[in-house]
Chemist: 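Let me begin by handing over the structure; questions about it come next.
FYI, the numbering just counts along the sequence from 1. Keep in mind that what you see is a predicted model, and the values were worked out from it rather than measured.
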Amino acid sequence: PVPTVPRHDAVHSVDVSPIADVVERPQPDSGPGSKASDRNLALNSMALMLSTAITGALGLLFWAAAGRLYPVAEVGSASAVITSAVMLSTLSNLSLGSMYERFLPISGRLAKSFIVRGYLTVTAFAFVLGGGFLLVAPVDEMFTSTAEIVSFPFFVAVLAVFALQDQTSSGLGVARWAAAKNVFHA
């Protein structure tokens, strides 16, 4: 005998398609997937995009003015110091920013502990990288005074924490504050 496929009975069939599941499930009033959460995400995203555009334009204006007002050697030296500090601060972040964006929204009461330990780690690593850079960099060509040399590791640490604040505030759902901070400090 040949096996037969049962016939489709319209009375007892159940629609298990993903579309039916989405249509029938009500949206939560708050939390992930809610309209308020979606609006918050959209506002934070728009604020960060606008902040990026504004700080980019202000940075362009700054370097254009610096190039006109100061000697080429000073602008080049300042550019080398700033670029080195930004690179070292980015390395010292240890990709914690991405982890903050991913895990802070679900960390609950442990969020404060994660943030404090991460900031301390990043700051310590930034000091180590800044100090190590001074050992191998052409210090005489980049810096004009001893005060600049001594303050360079502090500069790297401040930039590292400053950059980490953007992703921390994004992970906490208040990226609009990071956008305002960036525009204010630009």
Chemist: Who passes side chain to side chain contact (heavy atoms under 4.5 Å, CB included) against Val174, sequence neighbours left out?
Modeler: Ser169, Leu172, Trp177
Chemist: Hey, quick one: are Ile82 and Phe162 part of the same hydrophobic cluster, counting side-chain heavy atoms closer than 4.5 Å, chains of contacts allowed?
Modeler: no
Chemist: Looking at Ser170 and Asp166, would you say the former's side chain and the latter's main chain have a donor-acceptor pair under 3.5 Å?
Modeler: no
Chemist: In the single-linkage hydrophobic clustering (I, L, V, M, F, W, Y; side-chain heavy atoms under 4.5 Å), do Leu96 and Ile106 co-cluster?
Modeler: yes
Chemist: Between CZ of Phe62 and OG1 of Thr55, what distance do you get to the nearest 0.5 Å?
Modeler: 14.0 Å
Chemist: Under a single-linkage definition using a 4.5 Å side-chain heavy-atom cutoff for Ile, Leu, Val, Met, Phe, Trp and Tyr, are Phe155 and Val128 assigned to the same hydrophobic cluster?
Modeler: no
Chemist: With clusters built from Ile, Leu, Val, Met, Phe, Trp and Tyr whose side-chain heavy atoms come within less than 4.5 Å, directly or transitively, what are the remaining members of the cluster of Met46, listed by chain and number?
Modeler: Met49
Chemist: Quick one, Leu104 and Ile115 - any side-chain contact, counting heavy atoms below 4.5 Å?
Modeler: yes
Chemist: For residues 63-81, dump all side-chain donor-acceptor pairs below 3.5 Å to protein atoms at least two apart in sequence or in another chain.
Modeler:
unit_1: Ser77; atom_1: OG; unit_2: Met142; atom_2: O; d: 2.7

Chemist: Just to verify, what does Leu48 make a side chain to side chain contact (heavy atoms under 4.5 Å, CB included) with, not counting sequence neighbours?
Modeler: Ala175, Ala178, Ala179
Chemist: Do you reckon Phe103 sits in the same ILVMFWY cluster as Val122, going by side-chain contacts under 4.5 Å, direct or chained?
Modeler: yes
Chemist: Among pairs that include at least one residue of residues 86-115, which meet side chain to side chain donor-acceptor pair (under 3.5 Å), considering only residues two or more places apart or in two chains?
Modeler: Ser113-Arg117
Chemist: Can you pull the side chain to side chain donor-acceptor pair (under 3.5 Å) pairs that have at least one residue in residues 133-149, sequence neighbours excluded?
Modeler: Thr144-Glu148
Chemist: Does Leu120 sit in a hydrophobic cluster with other residues, and if so which ones, taking ILVMFWY side chains as linked at heavy-atom separations under 4.5 Å, directly or through other members?
Modeler: Val116
Chemist: Keeping to residues at least two apart or across chains, list the ring-ring contact (aromatic ring centres under 6.0 Å, His included) pairs with something in residues 110-139.
Modeler: Phe127-Phe154, Phe133-Phe152
Chemist: CG/Leu164 to CG/Leu159 distance, rounded to the nearest 0.5 angstrom?
Modeler: 12.5 Å
